[in-house]
Amino acid sequence: MKKISAVICVLAFSARIFVPLEASAAEAAEVSAMRRELDAMRAEITQMREFYDAKIENMRGKIEELEAGRVTAPPVPGGPTPLPGMGRPAFELPDISAVGNVIANYGTDRSDPDRNKVFLEEVELAIQGYLYPDIWANFIISLHRESDGEYEAGIEEGYIEFMSTPIPGLSVLAGRKLVGFGKVNPVHAHHWNYVDRPAVLESYLGDHGLAGQGVNVSYLLPLPFFSQADFGVWYVDDHDHHHHHHHHDDDVLGLADRTYSARLWSSFPIAEDQELEIGASGVTGYGPDHEEHEDKVWVGGLDLTYRLLGDRERRLLYQSELLFLHRQIPGETLDRWGFYKHLNYRFNRNWDAGLRFDWLETPFSERDTKYSISGIITRSLTETTKLRLQYKFDPKDIEHTVYLQAVFGLGPHAHALE
Amino acid sequence: MKKILIMICFFCVLSLAAEARPLKVVTTTTDLASIAEEIGGEKIRVTSLARGTQDHHYVEPRPSMVVTLRDADLVIMIGMDHDIWIQSLINSARNPNIRFGRPGYLDVSSGIDKKEIPVGRIDASMGHLHIYGNPHYWLDPANGKIIARNIADRLSAIMPENSSYFYENLENFNLRIDEKLKEWQEELAPFRGAPIAVYHGSWPYFADRFGLEVACELEPKPGIPPSPGHLREVIEIVRRRGIKAIIIEVFHNERPARFVADATGAQVVVVPSSVGGMEGADDYFSLMDVLVGKIREALEK
């Protein structure tokens, strides 16, 4: 009986002890699950709060931008900066630019049709960009003023350039281009340090410069110093020389028809801040009226450029070109020469001043010499926007001319190293 | 047999010589040259095209630079249109290895947290704006580490056999930058929040790093020379804010800064913004030493 009582007591005790324990374990599991759920909900709420806070902040920023009349900047690519001509963010466009050239001409030379006039000399519209890796395209359409005041549109340059070829150092260009003769002919007028083309270049190569349609091969020689050889085969339209606006049309010859050009150009760094460039150029072709005059023309040139670079963009530049002209006319051979010398000092990035002396023998049967001296001062606002004052004196004919020039450019505009 | 052995020896010597040839690295600026030298050590030979005293925006491309690039294995640039003149030189160099997208073309602005990216319509009426943001990022020493990383990555890609050497140099460079940065920050800590005037907007990265506030610029717009009217406004700000220092880089015209200083009692601090821009700024670290020292001296007065 005692045993039975003891068993009952043990069972009762066990029931008292274990049943509640089983019940509390279940409760604990439930509480733990609820806690986990609560933590998850809390985390979710925190995430939502962060999400909405960020969204609110973003919206607030947008509202501020809109109120300030701004728009969000385009995303900046994480990679390297795209090249000019590769298309800028959000635009798959080539580089497009326009450069204008306005000239005011005041002078004593009554034979000058542009005397005492202000006129837009030229507008250059450039479209430039890459076509393919290492292949560059350049279109320069110009609208220039003729002697009668009318404007004529033309393609100043339009070419494709293969910057790399299987031959190391060799590049090839095809299309229409200013011929690589000397230092100034291949350079567009808005890049000059003066208003007018040096007289000898105008007279021997044409008043719009020598430009042709053809092929040019350029080879960077494998030498320890810079040395580049160029050879070109061109067709030069005689039309380019028939629409002179120069007031001494008789002084201008130029070349036409099938023309060959060659140039060797070298540069030597004399010191860290000094560089000397020398070049020799030659071009051979026909006279612009060769059907009538049956003339053959050969022009050779030597050029020299010295640069001394100082601090704060100070720079002394001396440039000179000496040209020889050989012209064969039936029954007559003409040999003429001429040169210009130009000295320019840049005080800082905004101001430079220069002097230019021009001398030449005219390229026609009657040997005549012309010379003039010019003083030039330029205020550069940007790389493509400049204001210039030039005074030109012709001691032989005692003529004075004052030019005021505004060159102004819009948009990204690039030219090859010349 | 003897001949064959001589030939083998000859080729071995040749191949050893080729291996020993240091990589020719050309940088647009002296700052990049200094960092490249830190990373590349004796495995590279570095030439900078611009001098430290030059404004990098206005470097005149010269034919001799074409030859330097023709022979280069790697060209390193600031990018963000800062040294855009390099492109015409690369085009003239006929070196396919250094063209855009090739291993020899490295724009180290990748990975930089760019500041002052212009928004909305951008045109020349706003001055000489950089559409990809302010490009003077090398003036923050912390960005020097990003530049160094970019250089180390590229050198390792070109010369994988020297990869560990470059990354070891990178680690040392980063350690030195971290140590020096602490020093520089401590040096300028007393002037945290101090307003400064600057000639050109070259200083947002530097100012942010050292807790300075660029309160005004002497140029009315980037790249536009100061006008008398704008200088009057600057004088007013300098007086009102109690600005002590007018920071101007060595290549800018000091006269407008002197004019403001004379009118306000502030001090003109002529500083280099590149290695070699001033005596003592012989490498990237000493450039920062000079910059921090000169600005601290001016703010102390």
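Bear in mind that the values here come from a model prediction, so they are computed numbers and not experimental data.
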Task: Sidechain N-carboxylate O distance under 4.0 Å for B:R94, A:D134 - done: no
Task: Between CZ on residue B:R62 and CG on residue A:L309, distance to nearest 0.5 Å - done: 5.0 Å
Open item on the list: If I measure from the heavy atoms of chain A, does B:E60 come under 4.5 Å with its side chain, its backbone, both, or neither?
Closed with: side chain
Open item on the list: To the closest 0.5 Å, what do you measure between OG (B:S64) and CD1 (A:I270)?
Closed with: 10.5 Å
Task: Interface moiety of B:R99 toward chain A, non-hydrogen atoms closer than 4.5 Å - done: side chain
- [ ] Under 4.5 Å heavy-atom distance to chain A, tell me which part of B:V250 shows up: side chain, backbone, both or neither.
- [x] backbone
Task: Side chain to side chain, B:H252 and A:R349, heavy atoms closer than 4.5 Å - done: yes
TODO: May I ask you to test the B:P225-A:N350 pair for a side-chain heavy-atom distance under 4.5 Å?
DONE: yes
- [ ] Sort A:T165 into side chain, backbone, both or neither according to what part of it lies under 4.5 angstrom from a heavy atom of chain B.
- [x] neither
Open item on the list: Any non-hydrogen side-chain atom of B:P63 less than 4.5 Å from a side-chain atom of A:W265?
Closed with: yes
- [ ] Counting only heavy atoms closer than 4.5 Å, note whether A:I167 contacts chain B via side chain, backbone, both or neither.
- [x] neither
Task: Closest-packed option against chain B by number of heavy-atom pairs under 4.5 Å, given A:L410, A:D311, A:T382, A:N348 - done: A:D311
TODO: Look at atom CD of A:Q274 and say whether more than 12 heavy atoms of other residues, nucleotides or ligands are closer to it than 6.0 Å.
DONE: yes
Open item on the list: Can you tell me which portion of A:Y219 sits under 4.5 Å from chain B's heavy atoms? Options are side chain, backbone, both or neither.
Closed with: backbone
Open item on the list: Are more than 12 heavy atoms, taken from residues, nucleotides or ligands other than A:R315, located less than 6.0 Å from that residue's CZ atom?
Closed with: yes
Task: CD on A:Q228 to OG on B:S92, rounded to 0.5 Å - done: 7.0 Å
Task: Atom pair CZ (B:R70) and CZ (A:F226), whose distance is rounded to the nearest 0.5 Å - done: 9.5 Å
Task: Inter-residue atom distance B:N91.CG - A:Y130.OH, 0.5 Å rounding - done: 4.0 Å
TODO: Counting only heavy atoms closer than 4.5 Å, note whether A:L381 contacts chain B via side chain, backbone, both or neither.
DONE: neither
- [ ] May I ask you to test the A:E272-B:R51 pair for a side-chain heavy-atom distance under 4.5 Å?
- [x] yes
TODO: Using non-hydrogen atoms and a 4.5 Å limit, figure out which bit of A:R314 sits close to chain B: side chain, backbone, both or neither.
DONE: neither
Open item on the list: Looking at B:Y58, I want to see if its OH is surrounded by more than 12 non-hydrogen atoms of other residues, nucleotides or ligands under 6.0 Å.
Closed with: yes
Open item on the list: For the interface with chain A, which of B:N150, B:I224, B:D55, B:T53 has the highest count of heavy-atom pairs at distances below 4.5 Å?
Closed with: B:D55
Task: 4.5 Å side-chain heavy-atom contact, B:V66 and A:L220 - done: yes
